[in-house]
Amino acid sequence: MSRYIAQAALRGANLIVREAEEMVEAAIAELGPDHPVAFINTAYYLPVILGFTGLEVTNLGDLRKAMAHAKRLLNSPPSQQLWLPYLGETLDAGAATLLATETIEGVRFARGEQPEPIPGLKLTGTSFTSPDSNGGQAEGGFANGPIDDIQLRAWGIQLVDGRMPGFAAIVGAARSNEAAVAIVRELQKRNILVFLSGNVNGRSIIHQLQEEGVEMGYDTYIVPFGTDTISAIYALGFATRSALTFGGMSGGQIREILLYNKYRVFAFVLALGEVDDLKYAMAAGAINYGFPVIADTVIPQILPTGVTSYEHVISMPFDDIPGETDAEKARRLVQRCTEVRGVKIKITEVPIPVPYGSAFEGERVRKADMRVEFGGSKAHAFEYLFMAPLDEVEDGKIELIGPDFSEVPEGGAMNLGILIKVAGRKMQEDFEPVLERQTHYFVNGASGIQHVGQRDITWIRFSKAAVDKGFRINHIGDILYARLHADFGAIVDKVQVTLITDQQLFEEWLTKARQAYQARNVRLADMVDEAAEEFYSCTLCQSFAPNHVCAISPERLGLCGAYNWLDCKASYQINPTGPNQPIPKGICLDPVLGVWQGVNEFVYQNSHQVVERVSLYSMMQDPMTSCGCFECIAVVIPEANGIMVVSREDPSMTPAGMTFSTLAGVAGGGQQTPGMMGIGKYYLLSKKFLYADGGFKRIVWMSSFLKESMAEELKAVCEREGIPDLLDRIADERTATTVEELLPFLEEHEHPALTMDPIF
Amino acid sequence: MPQEKAADKETAPRSTDIAVCEVLEFCEGVVETAFDRATAIRPCPIGAEGACCKHCAMGPCRLVGKVERGVCGATRATVAARNFARQVAAGASAHSDHGRGMAFALLAVAKGEAHGFRIRDEAKLHAVAGYMGIKTEGRSVNEIAREVAETALAEFGKQAGELIYLSRATKPRQEIWRKERIAPRGVDREVVELMHRTHMGTDQDAENILDQCLRVALGDGWGGSMMATDISDILFGTPTPLQSQVNLGVLKEDEVNVVVHGHEPTLSEMIVAASTDPELVEYAKSKGAQGINLAGICCTANEVLMRHGIPPAGNFLSQELAIATGAVEAMIVDVQCIMQSLVEVASRFHTKLITTSPKAKIEGATHIEYDEVHAYNSAKEILKAAIDNFPNRGNTLIPKVGEGLIAGFSHEYVRYMQGGLYRGSFRPLNDAIIQGRIRGLAGVVGCNNARVDQDAPTVKIVRELIKNDVLVAVTGCAATGAAKYGYLRPEFMAQAGAGLREVCEAIGIPPVIHVGSCVDNSRILTILTQCATEGGLGEDISDIPAVGICPEYMSEKALSIGSYFAASGAYTLFGLPSPVANSPEVVDMMVSGWLKRFGGAIEFEPDVDALIQKALSLIDEKRRALGLVEYDPDRFGQSGDRVLEEVLARLPEGELLNVYSTER
C-alpha cells in the first residue's frame, strides 16, 4: 500500500460495510430473515463469503453473520502524522469490502434486482448458460451478473492448459471509446477473459463497447457484470470458485484459496478512469488474491512485491503513454498489464487483415451480418488433412483453385474444399485426424469468421465486416499454415494448403476425402484397449487439481472431452516431457474392471501417493478421479438400480436431488468418489463405457441435451446393445426430476436396468 | 526533525540527547551522576581486556606485559575465556531468572491465585502450548496455562535431553547445535556447569570453555528469554503497533509522575492498570494533581511501551536525570540495570525510590515488596505513596523535549503487517531482500555506556544503515535511544535509501522497528528463523544477509545476547573494546572459529565508522553467497505517494486535475 491508498481504501471499506449492513437490515425488515438469497446456478452459495468464512448463505439472515465477520476486519485509516502500519490492515479491510459487496449483491438478488438491467445489451451466451437469469436470453437488456458454475467448468480446460491465461477485471470507463475497444481487443487477442464492471461518473466501459458494437457475452470472452463497482465482486467470486472447483478446497480455507489464486490464476485488475475510495477498497480485496492493479490514471504505485508475485499497483497515466492513437496507447497498456502479472502468452502472429485470437472462437456470424458462407444448407464444404512425403509438400504454398466469392451475391453460398497437405519426420498417419480437427479452432480464431462442424459437414461464414477489411478465402490457408507450424511444429515440418472452389476438382477431392474418413472410422473402430500397448496420462489439470491423473485409453477419452488417446499420443510427440505421458499397461489385473498394474503404478506416483488403484471401466470400484473440467457426471441412482448422466449444459434438477453444479462440487477436486464420476460425453459411446457396472444399459436417465446433440451416435450404440429403442426408454429432465417420477417412467418403459444384477 | 546535540569538542563526550544535557547542566555542582563518575574513574585497563584472573586466592593474577600465565599456569586464553564465560553466565542468568519469574506468574494466574491478572492472549497460549506439545483440545484456558507454566518451569531444571524451544529453530541449525554439542539441556544446568568449569583448575581449554558459554547463552536466547517473551505476551497481550512519546519531556508538570524502571513487566502492568483506577485518580486530584502520569526507564519502559504505549522517559543513562528534573514523585524499580546512586540522587529531591523485588533491595530505598498474589493492591499502595509525595514537589526542570514514536512490533505483527490476517507471511520482506530493495537486516540492540557519548554510536549506526537500505530492528535501550531522535517515526523513512523507503511506504512502517525489551531479542531470533523458512534466502539464519550490532553495550546480558546470536548463525558486532583483547587466540576463536562452526561470530569494533563498513560488507558477502542481485541503490524510488503529491503540488489553484497525465 501507500498511505494515500490505505487511507482511501480504509475509508471506502468502512463506508461500504456500513452501507451493506443497512441494506441487509432493511431487506430483513421488509422480506424477513428467511427470505432466500442465491446466485444463479452455483453450488457455492455466495462464493466469496463461502471462501472467506465457510458460511453457506441461503437467506437474508445468514448475511448478518457475513457482515459481523466483515466488521471485525475493519480498521481506521492511517493518520496524517505518526501513522501506524497499514498494509495488513488495508488488506483486511479489502477483504471486508469483498464480503460487503457480495452481501449487497446477495440482497439485490433477493430483491430481484440482479442481473442489472442495461437497455439494449445483448449477450452472446451459449444457449445453456444462465437460463434462469435474463442475461444471455434473446430479448437481452441485462448485464450478465455472476458467472455460473457451468460456464466456469466449460472454461476449465482452457484455463488449465494455458489457452486462456487468466482474466482481466476491468473497472470503470476507458479514456475514449477507441481506447475501450482497443483494450478489449488486445485482451481478446491474448485469450484473456475480460470481466467488465464499474463506471466513471455514470459511464461504464460496458456502455462504450455497446456503442461501438462490440459483442459481449461468454462466447466472446467478454462478460459484463454490471455498471457499478460493486458488481466487480463477481470476478472475485469466479476466482474463489476456481480454487473450490479445481483446487479441491472447501469453504473457509481462505488462505489456501488466496494462495491458489496467487500462484495459479493469472488475473489482474485494470482500473480505468478516476479511482474512488470504493475502487481502492475493492482493489485491496483483489490484492489479497495476489491480483495486481493497473490504473490508466495518476495514482500512487506500489512496486515492492510479496503479496502479489509482481508489483502490487502500477500507474500508467493514459495520456503519458507513448503512441499516436488511443488504440496504440491501449495496446501498450495491456502489454504492461500482462508483464505485471507475469502472464505467459504465446501469440502466434497470423498474417490476416482481421484480429486473431481464441477469444474470437465463440463469435457467431449472424445471417444478416454475413457476406458469404461455405457449406451449410445451400452449399458444401469439407476439410481434409493428409500427410505426404517431405519432397511432395511445398511448404508455405497457399493456393486458391477456382473462383473467388466476388461473383456470389451478398449472403450467398458456395462450395469450398480445404486440402491440407503436411509432411514431417515425426508425422504419423494416426495424427491426421488430430491435426485436421484443429481446423475448427484455428479458423474460428479469426474475428468475423465462423467455423462449425468438421470433415464434410464443415460450415464456414465470413462476415461483411471481415470481408470489408480484406479477408479472402486464401486467408484460411494463411491461418492454417501459421497455426500448424506454431502449435504442431514438433511433428509438422511442411504445410501446404489448397483451397478449392473449382467445381470439378471439388467433387474429385470430396470423394477422396470421404474414402479417407471411412478408412479412419474403420481404423478407429479397431483401436481397442486390448490392442494398445500403452495408454496415456493427462496431468494437465494438476496445475489446478494437484492430485488428479486422467488415464486415457483408446476406448476411454479424457473426462474433459478434449483429449482422446490419439490426441495424447500426438501431444507426447510434440512435448515429450509434457502432461501426456505414455503409461505402459503392464499386467492386466482385472479385464472386467479394467485394472492394469502399470496404470496403478503410474497413477500412484503421479497422484502424489494419494490414489492407489484405478479401474478404467467402473464407477463403483476405484473409479478414476475427477478434476473439475468434466463434460458430464455419471451418478448412481440406487433406487433404479441404474445410473444417470447429467451434462454440463443441463441446469435442471436431476433425480439425484442435485443439479449439475451441486454434483460437480462433490465429484471434483481429484477425489475418488465411488458412485459418482466425471466423464467425457464420447465415453458414452464406447464399448467399455462402465463395462464392469453393466455398460450403457445401466443408464436410466440422461440430460436431453446429450440425447439431442449426439442423437445419431447414441442411436448406433443402442443398436449395438441390442435394444434399438433404448434411448426412448431412458428418462430425462423433461420426464423426471425426482426418483419418484423416475421409477414409474422406467417401469412403464421396461427399462433393462430394472432387471439387471444389483449395482451394489 | 530529530534533535541531536552537536558534538562539543571542548568537553568530554557525555550525551547526544539535548534533554539529558539540559538536566546535566543543572546537576553540575548539585548532584553527582554517572556521567561525572565516568570521568573520574578510569576503567581498569587490566580487567577491561580480560587479563585479570581472581578465580582463586593465589591471585589476583594480572596476565600483562611479559606475564603469559597465572600462578596456577592458566594461560591468557584460558583466563580471557573464563572471564568472558562468567559474564555471559551472569547475563544469561538475569534473563532466565526473569523468564522463570514469568512462568511462576503464569502458574499463579492459572491457579487463580494472582489477583488482578488474567490471560490476555489465548491465541498465543495455544501457539505456545503447540510448541511445547501440550494438548489444547477440550481443555480450559487455565488448564492449558497451568501445563504451559509447569512445562516452562521444568525447562529450567531439566537435566538431560534438549530445551523444547530448540525445535523452533531451522532444522539445519538444530543439527549444527547437536553436532557441535552445544544444544542446552536445561537452563540452570548449563549455568551451573559453566560456573563449575570456570572454577580454578577445571576446564582449561579456551575453546571448550567458550563452547559451554555458547550453550549457556542458547539456554538464554532459546530458553529463558524466549519463554519470558512468550509468557509476557500470554499474560499481557502480544504487542501490536501503537503511538507514543519519548524522552524527559513526557514528564508532566501538573500530574503525579511515576517512573517504572527495571526489566520485568508483572508489577508495571499492575501499576498501569491501577493508574486509571478512579479512586486513585480522585485521590491524586485531592492532592492538587491533575492525574497520574506514568513513564518508564530501561526495559520495564519497553514492556509497558510495547503493550500500552506508556512513554519512556529515557534509557539507561537517563535514570538519574529523570529524578533530577525534580518532577518525579516515585521511581519504582524491580531488577537489573538500576544504579545504586539513585538513592543518593533521590535524596536531593522529593522523589521516593521504591524497590519492589526481594531479589533487588537497595540500601536507603523504600522497599514495598510486590508479589503476584496481591499484585493489584501492591500497585495501589505504591501509587498511593507516590500521590502522597506530590505536595512535597519543589522546583522542577522538565526539558521540553519529546519525540513521537511507533512501537509494538511483535514477530506475530511483523508477519501480519506483510499481508494481513489472510496473507500474512515473510514473503514481502524476503522478496524485498532478494530484489535488493532491502540490502539486508540489522538488529541494533543493547545499552547505554557512560564511556561513550550517550546514544551517539547507536544513532549514527542506525542512520547509516537505513541510508544504505538496511532495515533495522531495535530493542532495549538502543531502541529508546533511536526513538529519541525520531528514528521510530514512520516519517523517518524519508531518510532511508530509496529501496527501503519503498518497502516502508508499502507497509506503513518506520525504517527502524521496535521489537521490544532486551529479553525480546528472542523475537529477532524468531523473525530471522521465519525469514529463513519462508524461502529464497537460504535455509538458515546464517544464510540471511543480516547482522547484529550492540553499539553501546554495558551489561553482561548483552554478551549473552551476542553469544546466542553468534551460536544461532548471526554475526554480531559490539561497539566497545574487546573484553578478551588480552588473548588474540580467543579473539580469533570468537570470530573465525565460530564463523566456521556456527556461521556467526562476535567481534568488537570501537570505531563506529569501521563498524558500519564491516556491517555493510558482511551483508553484501551474504548477498553474494546467496547469488542475489548486487545491491544497487539507484534502481528504486518510483513507488509510493511521491509522484501523486508532486502532481498535486504543481497544479495551479482552481484548476482541475487531469488524472490521465503527470504532465497535466
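No experiment lies behind these values; they were computed from the predicted model shown. Residue numbering restarts at 1 for every chain, and letters A, B, ... go by the order of the sequence lines.
Heavy-atom distances place no part of B/L429 under 4.5 Å from chain A, backbone and side chain included. Both the backbone and the side chain of A/L82 come within less than 4.5 Å of a heavy atom of chain B. In this structure, chain A has heavy atoms under 4.5 Å from both the backbone and the side chain of B/A506. Neither the backbone nor the side chain of B/F426 comes within less than 4.5 Å of any heavy atom of chain A. In this structure, the portion of A/S79 lying under 4.5 Å from any heavy atom of chain B is its side chain and not its backbone. Neither the backbone nor the side chain of B/F636 comes within contact range of chain A, judged by heavy atoms closer than 4.5 Å. Heavy-atom distances place both the backbone and the side chain of B/Q243 under 4.5 Å from chain A. With a 4.5 angstrom heavy-atom cutoff, A/I314 does not touch chain B via any of its atoms.
With rounding to the nearest 0.5 Å, the separation of OH in B/Y422 from CG in A/L258 is 8.5 Å. Taking OH of A/Y86 as the start and CD1 of B/I509 as the end, the distance is 9.5 Å to the nearest 0.5 Å. Atoms OG1 and CD, from B/T240 and A/E89 in turn, are 8.5 Å apart once rounded to the nearest 0.5 Å. With rounding to the nearest 0.5 Å, the separation of CD1 in B/I507 from OG1 in A/T90 is 11.5 Å. Distance check, rounded to the nearest 0.5 Å: CD1 of A/I254 to CZ of B/R423 gives 10.0 Å. Within the model, atoms CG of A/L87 and OH of B/Y416 stand 9.0 Å from one another, a figure rounded to the nearest 0.5 Å.
Checked against salt bridge (Lys or Arg N to Asp or Glu O under 4.0 Å), A/R332 has the following partners two or more places apart in sequence or in another chain: A/E328.
Chosen from B/P510, B/G508, B/G424, the residue pairing most often with chain A at heavy-atom distances under 4.5 Å is B/G508. Most heavy-atom pairs under 4.5 Å with chain B: of the set A/S2, A/P317, A/P85, this distinction falls to A/P85.
Closest of all the heavy-atom pairs between B/D641 and A/R3 is OD2-N, 3.4 Å.
Screening residues 489-499 of chain B for salt bridge (Lys or Arg N to Asp or Glu O under 4.0 Å) gives B/E403-B/R489, B/R489-B/E491 as the qualifying pairs, with residues at least two apart or on separate chains. A salt bridge (Lys or Arg N to Asp or Glu O under 4.0 Å) check over residues 276-299 of chain A, counting only residues at least two apart or in different chains, returns the pairs A/R11-A/D277.
Side-chain N or O atoms of A/D92 include one that pairs as donor or acceptor with a backbone N or O of B/L421 at under 3.5 Å.
Contact residues of residues 297-308 of chain A toward chain B are A/T297, A/V298, A/P300, A/Q301, A/I302, A/L303, A/P304, A/T305, A/G306, A/V307 (heavy-atom distance under 4.5 Å).
Crowding of B/R642 atom CZ: a count of heavy atoms from other residues, nucleotides or ligands under 6.0 Å not exceeding 12. Dense packing is recorded around CD of B/Q530, with more than 12 heavy atoms of other residues, nucleotides or ligands lying under 6.0 Å away.
Residues B/Q638 and A/E311 have side chains not in contact (no heavy-atom distance under 4.5 Å, counting atoms from C-beta outward). When side chains are defined from C-beta on, B/E663 counts as touching A/D320, because their heavy atoms get closer than 4.5 Å.
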